[in-house]
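Below is one structure, written out as structure tokens, with a few remarks after it.
We count residues from 1, following the sequence as given. Computed from a prediction, not measured in an experiment: that's the story for all the values here.
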Amino acid sequence: MIGETSWLNSEGLDIHFTASIGRRFVSVGRETKVELLHLADEAMYQIKNTTRNGVAAAKVGTLPHL
């Protein structure tokens, strides 16, 4: 939905953004906050370096578009 939205049309522009999002499903007590952030960051770069404009979960891989 982010990539499909056009921004600043009233100013005569047609700007589109995309998002690459990484996430980690939390396993209570298994990882520190720093480790969770690192895993989510790795997942984000997995998307940025492959398909772009998507979501990946750490230790799961690319998630399907809904």
(request) Count the heavy atoms of every other residue, nucleotide or ligand shown that sit under 6.0 Å from CD1 of I2, and state whether that count exceeds 12. (result)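 Counting other residues, nucleotides and ligands, CD1 of I2 stays at 12 neighbours or fewer.
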
(message) Just checking E11: does its CD atom have more than 12 heavy atoms from other residues, nucleotides or ligands closer to it than 6.0 angstrom?
(response)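 Yes, the 6.0 Å shell around CD holds more than 12 heavy atoms from other groups.
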
(message) Is there a continuous path of hydrophobic side-chain contacts, each under 4.5 Å between heavy atoms, that joins L13 to F17?
(response)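 Per the 4.5 Å side-chain linkage, L13 and F17 are co-clustered.
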
List the atom pairs, donor and acceptor, that lie under 3.5 Å between side-chain atoms in residues 38-50 and the rest of the protein, sequence neighbours left out.
unit_1, atom_1, unit_2, atom_2, d
H38, NE2, E42, OE2, 2.8
N49, ND2, Y45, O, 3.0
T50, OG1, Q46, O, 2.6

(message) Quick check: do D14 and H16 have side-chain heavy atoms less than 4.5 Å from each other?
(response)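 Yes. Closest side-chain heavy atoms under 4.5 Å.
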
(request) Could you tell me the separation between the OG atom of S6 and the CD1 atom of I15, rounded to the nearest 0.5 Å? (result)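 If we round to the nearest 0.5 Å, S6:OG and I15:CD1 are 8.0 Å apart.
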
